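Written out below as structure tokens is the structure these notes cover.
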2 protein chains.
Amino acid sequence: MAGTTRERLLDTALAQFAARGSEAVAVTDLEQGAGLSPGSGSFYRHFRSKEDVLAAVVDREVERAVARRSTAPDTGLDARYAWSLDNLDGMRALIALLVREGGRLPHLDRVQTLLAEEGAHLDADDLRARMARGEIPSRDADAVASVVLFALVGHHLAEQFFGATVGVDRARFAAALASLVAT
Amino acid sequence: MAGTTRERLLDTALAQFAARGSEAVAVTDLEQGAGLSPGSGSFYRHFRSKEDVLAAVVDREVERAVARRSTAPDTGLDARYAWSLDNLDGMRALIALLVREGGRLPHLDRVQTLLAEEGAHLDADDLRARMARGEIPSRDADAVASVVLFALVGHHLAEQFFGATVGVDRARFAAALASLVAT
DNA sequence: GTCTATAACCAGATAGAC
DNA sequence: GTCTATCTGGTTATAGAC
């Protein structure tokens, strides 16, 4: 394992907190995962408490997600949906933390903001504009935007938490969703 | 709070495990929630361990979900999708347990079977039959079935875990999804 | 069946040598 | 910065009176 001890602790914490929830992970586990002697308090030279390291993990993941951000493709619904699935994939660990920790996640507001901004790429106004241009059939734009958003989010969450075999690959899924909206 | 002490312990355990995860809940909390003296070992007159009560909770919820089962409506896609959303609602606590406990949930296989049977009502074969009858346009049936399933599951999960304001009500959501598939 | 009391244990956190 | 050793508090689980 590479990086400073602090970074190795953060890496271990991210992996274990996302997989098992922070309550289920002992500081000892983090020390062991970072190559420190388990049971030594060496962890506390780097973080004040377990809550502190959780906050630092969330912080780092939010920064990373923001840094990874790219602009939504303008080419078509198809490409835009595939792009959104990829974005969700990049936030996989953060989403796992959010779901496992629930309302007690540090920096909860920042994570929610990040996800809301992600969802904004799929908003009803964009659909309304496409409907006005005759690009896609006119329907209840707000409801269709909901369906699109939740189909993409559901695809991601089901895969992550239910181990659901999606059955069809990502491109085919995005294409089917675009086809439903566009015809 | 009504019922026997055992039932009150189960009720408390369900609520708290679903909300915070079993790791975060102490046996003391369960005793308090059931109106027993916290710290007394009275819990252990009813269950052998915390793991034991978690298994009993899952067991009872699976039984309940099976008992609540009704046959899918044949009236139309619209009604069928609304019915599925209601079914997911009835499994809310079980889904929360599954997501919070992850792979260490007792009776995991039974829960997964239950969810898979639920998803089977929305399978590709049904869509293929409707396409063959000309009831809905011909598309990639497997991919469309995926989209439908994940839209419904995503609607439920987003509401449950992100506190997402769905924006449109349940009937409008189901109607929009049916409209996308049917035209 | 529930209580008080307590044993045994483990996790979070600190002190001080190196 | 990491270690050994330890304190402290909370949690699981049991013993025995009522």
Side-chain angles (χ1 to χ4, degrees), chain A residues 1-60 96-97 100-108, chain B residues 1-60 97 100-107:
Chain A
M1 255 218 219
T4 65
T5 299
R6 185 189 159 87
E7 280 161 355
R8 291 200 312 277
L9 282 168
L10 283 170
D11 293 340
T12 305
L14 174 64
Q16 303 215 13
F17 289 171
R20 300 193 284 142
S22 70
E23 296 270 3
V25 178
V27 169
T28 300
D29 299 329
L30 301 181
E31 288 173 334
Q32 192 152 36
L36 296 170
S37 176
S40 73
S42 295
F43 167 88
Y44 293 97
R45 295 282 168 183
H46 303 275
F47 301 97
R48 277 198 310 271
S49 64
K50 206 167 73 169
E51 203 188 349
D52 186 33
V53 75
L54 175 58
V57 162
V58 172
D59 212 49
R60 193 180 63 161
L97 286 175
R100 288 231 196 276
E101 303 297 326
R104 288 172 324 208
L105 189 74
H107 306 310
L108 178 58
Chain B
M1 254 219 220
T4 65
T5 299
R6 185 189 158 86
E7 281 162 352
R8 292 200 312 278
L9 282 168
L10 284 170
D11 293 340
T12 305
L14 174 64
Q16 301 214 14
F17 289 171
R20 302 193 282 140
S22 69
E23 296 270 3
V25 178
V27 169
T28 300
D29 300 329
L30 301 181
E31 289 172 332
Q32 192 153 36
L36 297 170
S37 176
S40 74
S42 296
F43 167 89
Y44 292 98
R45 294 282 169 181
H46 303 273
F47 301 98
R48 277 196 310 270
S49 64
K50 205 167 73 167
E51 203 188 347
D52 186 32
V53 74
L54 175 58
V57 162
V58 172
D59 213 47
R60 193 180 64 159
L97 285 175
R100 288 232 196 276
E101 304 297 326
R104 287 171 325 206
L105 189 74
H107 307 307

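Values in this document were obtained by computation on a predicted structure and should not be read as measured data. A, B, ... follow the sequence lines: proteins, then strands. Residue 1 opens every chain.
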- So, A:D11 and A:R60, do they make that salt bridge, N to O below 4.0 Å? yes
Output the distance between atom [atom1] ([X]) and atom [atom2] ([Y]), rounded to the nearest 0.5 Å.
{"X": "A:L105", "Y": "A:L54", "atom1": "CG", "atom2": "CG", "value": "6.0 Å"}
{"X": "A:E31", "Y": "A:S37", "atom1": "CD", "atom2": "OG", "value": "7.5 Å"}
{"X": "A:K50", "Y": "A:S22", "atom1": "NZ", "atom2": "OG", "value": "5.5 Å"}
{"X": "B:L30", "Y": "B:H46", "atom1": "CG", "atom2": "NE2", "value": "12.0 Å"}

Return the value, rounded to whole Å, for the distance between atom [atom1] of [X] and atom [atom2] of [N].
{"X": "A:R20", "N": "C:dA11", "atom1": "CZ", "atom2": "C1'", "value": "13 Å"}
{"X": "B:D29", "N": "D:dA13", "atom1": "CG", "atom2": "C1'", "value": "16 Å"}
{"X": "B:E23", "N": "C:dA11", "atom1": "CD", "atom2": "C1'", "value": "12 Å"}
{"X": "B:F47", "N": "C:dG1", "atom1": "CZ", "atom2": "P", "value": "12 Å"}
{"X": "B:E31", "N": "C:dT4", "atom1": "CD", "atom2": "P", "value": "11 Å"}
{"X": "B:D52", "N": "D:dT12", "atom1": "CG", "atom2": "C1'", "value": "14 Å"}
{"X": "A:Q32", "N": "D:dC3", "atom1": "CD", "atom2": "C1'", "value": "15 Å"}
{"X": "B:L9", "N": "D:dT12", "atom1": "CG", "atom2": "P", "value": "13 Å"}

From the list [options], which nucleotide is the closest neighbour of the side chain of [X]?
{"X": "A:S49", "options": "D:dT11, C:dC3, C:dA13", "result": "C:dA13"}
{"X": "B:L36", "options": "C:dT2, D:dT12, C:dA13", "result": "C:dT2"}
{"X": "A:H46", "options": "D:dG1, C:dT4, D:dT11", "result": "D:dG1"}
{"X": "A:T5", "options": "C:dG12, D:dT2, D:dT12", "result": "D:dT2"}

- Item | Side-chain N or O of B:K50 closer than 4.0 Å to phosphate OP1/OP2 of D:dT12 |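 True: B:K50 side-chain N/O within range (under 4.0 Å) of D:dT12 OP1/OP2.
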Check: protein-nucleotides 14-18 of chain C nitrogen or oxygen pairs below 3.5 Å:
{"unit_1": "C:dG16", "atom_1": "O6", "unit_2": "A:R45", "atom_2": "NH2", "d": "3.2"}

- Message: Quick one, A:T28 and A:F43 - any side-chain contact, counting heavy atoms below 4.5 Å?
- Response: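 When only atoms from C-beta onward are counted, A:F43 and A:T28 do not touch, as no gap falls below 4.5 Å.
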- Note on the structure: A:V57 and A:A13 have their tightest heavy-atom pair at CG2-CB, 3.7 Å
